[in-house]
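Here the structure is laid out as structure tokens; the discussion comes afterwards.
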Amino acid sequence: MTWHVEVDEHTCIGSGMCAALMPEVFVLDGAVAQPATPEVAADETVLDAADSCPAMAITVTEGGREIGPRP
């Protein structure tokens, strides 16, 4: 199972929390984070990264259904 990860470059403030938590999934590209690849293996830590984003700029979907950030 894979998940799709997106970072809204207009919302991201570049805190780096996601990259610190999952450096294999998120990279800082200048002033904002980007997914290293848009498709990632299902991993609870990816959802933790989306949950911890102070700008709520990370969206994780599975089969078109949003699963992160969690409410």
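The shown structure was predicted, so the numbers you read here are calculated from the model rather than taken from an experiment. Count residues from 1 along the sequence.
Rounded to the nearest 0.5 Å, atoms SG (Cys53) and CG (Asp48) are 13.0 Å apart. One finds the CZ atom of Arg70 at 4.5 Å from the CD atom of Glu44 (value rounded to the nearest 0.5 Å). Between atom CE of residue Met22 and atom CD1 of residue Ile58 there is a gap of 10.5 Å, rounded to the nearest 0.5 Å. The CD atom of Glu6 lies 6.5 Å from the OG1 atom of Thr61; values are rounded to the nearest 0.5 Å.
By the 4.5 Å heavy-atom criterion applied to side chains, Phe26 and Val5 are counted as neighbours. Side-chain contact between Glu62 and His4 is absent, with no heavy-atom pair separated by less than 4.5 Å.
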Hey, mind stepping through Leu21 and Thr45 against side-chain contact (heavy atoms from CB on, under 4.5 Å) and telling me if it holds? CA-CA 8 Å; Leu21 192 59; Thr45 311; 3.9 Å; yes
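Residue Ala33 comes nearest to Val7 through the heavy atom pair O-CG1, 3.3 Å, listed as atom of the first residue, atom of the second, then distance. For the pair Val27 and Pro23, the tightest heavy-atom approach, listed with the atom from each and the gap, is CG1-O, 4.3 Å. Nearest approach of Val40 to Thr37, heavy atoms of both residues: CG1-O, 3.8 Å. The heavy-atom pair separating Trp3 from Ile67 by the smallest distance is CE2-CD1, 3.4 Å. Between Ala55 and Thr11, the shortest heavy-atom contact is O-CG2, 3.2 Å. Across all their heavy atoms, Asp51 and Met56 have their closest contact at O-SD, 4.5 Å.
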